[in-house]
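Notes to accompany the following structure.
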Amino acid sequence: QVQLVESGGGLVQPGGSLRLSCIVSGSGFSIDYMGWSRQAPGKQRELVAGIPTGGTTNYADSVKGRFTISRDNAKNTVYLQMNSLKSEDTAVYYCTARGSKIVNVEGARVRREFWGQGTQVTVSS
């Protein structure tokens, strides 16, 4: 199985910055996508940023130009640098990873999505 552990959340004033980190551990799955989602109180979870292996990063319109997702494959870590934070960025932020593994001799694969426990980000003066 795959485990994801987020860190870096906290309280920050509007206009401030935070950097979230997510360490991925475990084995068995070939991870080909990592991302960050968030869920604010009373709202649905939304994808904030994604970084596929060897692909192009993507961002929600609400965070473009302010947030940057990156990954360090040597450390099995994905980051979310958040700048110019706004009150509407307040949410629980979740790290996600998607991958697949071979399950039989014929080469059939199963695909799974894994989630971290979440880290709270609060933007308030």
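Everything quoted here is computed from the prediction, not taken from an experiment.
- We find the CG-SG distance between Leu80 and Cys22 to be 10.5 Å, quoted to the nearest 0.5 Å.
- For residues 48-57, no residue pair satisfies the salt bridge (charged side-chain N to carboxylate O under 4.0 Å, His left out) rule, not counting sequence neighbours.
- Between Tyr94 and Trp115, the two ring planes are perpendicular [angle over 60°; tilted spans 30° to 60°].
- Note on Trp36 and Val2: same hydrophobic cluster, where clusters join Ile, Leu, Val, Met, Phe, Trp and Tyr whose side-chain heavy atoms are under 4.5 Å apart, directly or indirectly.
- Side-chain contact check for Thr68 versus Thr57: every heavy-atom pair is 4.5 Å or farther apart.
- Using a 4.5 Å cut-off between side-chain heavy atoms of Ile, Leu, Val, Met, Phe, Trp and Tyr, with links allowed through other members, Val121 and Tyr79 fall into different hydrophobic clusters.
- Residues Cys95 and Met34 share a closest heavy-atom pair of SG-CE, 4.2 Å.
- Applying the salt bridge (charged side-chain N to carboxylate O under 4.0 Å, His left out) definition to pairs two or more places apart or across chains, those involving residues 57-68 are Asp61-Lys64, Arg66-Asp89.
- With hydrophobic clusters built from ILVMFWY side chains whose heavy atoms lie under 4.5 angstrom apart, Leu20 shares a cluster with Ile31.
- Residues Ser124 and Leu11 have side chains in contact (heavy-atom distance under 4.5 Å, counting atoms from C-beta outward).
- In terms of heavy-atom proximity, Ile69 sits nearest to Gly35 at CD1-CA, 4.0 Å.
- The line from OG of Ser25 to CD of Gln1 is 11.0 Å long, rounded to the nearest 0.5 Å.
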Apply side-chain contact (heavy atoms from CB on, under 4.5 Å) to the pair Asn73 and Thr53, showing each step before the final yes or no.
-> CA-CA 10 Å; Asn73 291 327; Thr53 301; 5.9 Å; no
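- Summarising the geometry of Leu85 relative to Met82, their closest heavy-atom pair is CD2-CB, 3.8 Å, with the distance given to 0.1 Å.
- When atom types are taken as modelled, the side chain of Glu46 and the backbone of Arg38 share no donor-acceptor pair closer than 3.5 angstrom.
- Using a 4.5 Å heavy-atom threshold, the side chains of Glu6 and Tyr93 count as separate.
- One side chain, Glu113 or Thr96, offers a donor N or O that lies under 3.5 Å from an acceptor on the other.
- Judged as a salt bridge (charged side-chain N to carboxylate O under 4.0 Å, His left out), the pairs with a partner in residues 9-36 (not counting sequence neighbours) are, in order, Asp32-Arg111.
- When every heavy atom of Gly28 is checked against every heavy atom of Lys101, the shortest pair comes out as O-CB, 2.9 Å.
- Tyr59 approaches Ala49 most closely through the heavy-atom pair CD2-CB, 3.6 Å.
- In terms of modelled atom types and a separation under 3.5 Å, the side chain of Thr90 and the main chain of Val123 share a donor-acceptor contact.
- With values rounded to the nearest 0.5 angstrom, Ser30 atom OG is found 6.0 Å from Arg109 atom CZ.
- In terms of heavy atoms, Ser21 sits closest to Thr77 at CB-CG2, 4.4 Å.
- Here the straight-line distance linking atom CG of Leu47 with atom CZ of Arg45 works out to 11.0 Å at 0.5 Å rounding.
- In Gln44, the CD atom is not crowded: 12 or fewer heavy atoms of neighbouring residues, nucleotides or ligands sit closer than 6.0 Å.
- Val92 and Phe114 fall into different hydrophobic clusters, defined by Ile, Leu, Val, Met, Phe, Trp and Tyr side-chain heavy atoms under 4.5 Å apart, directly or through other members.
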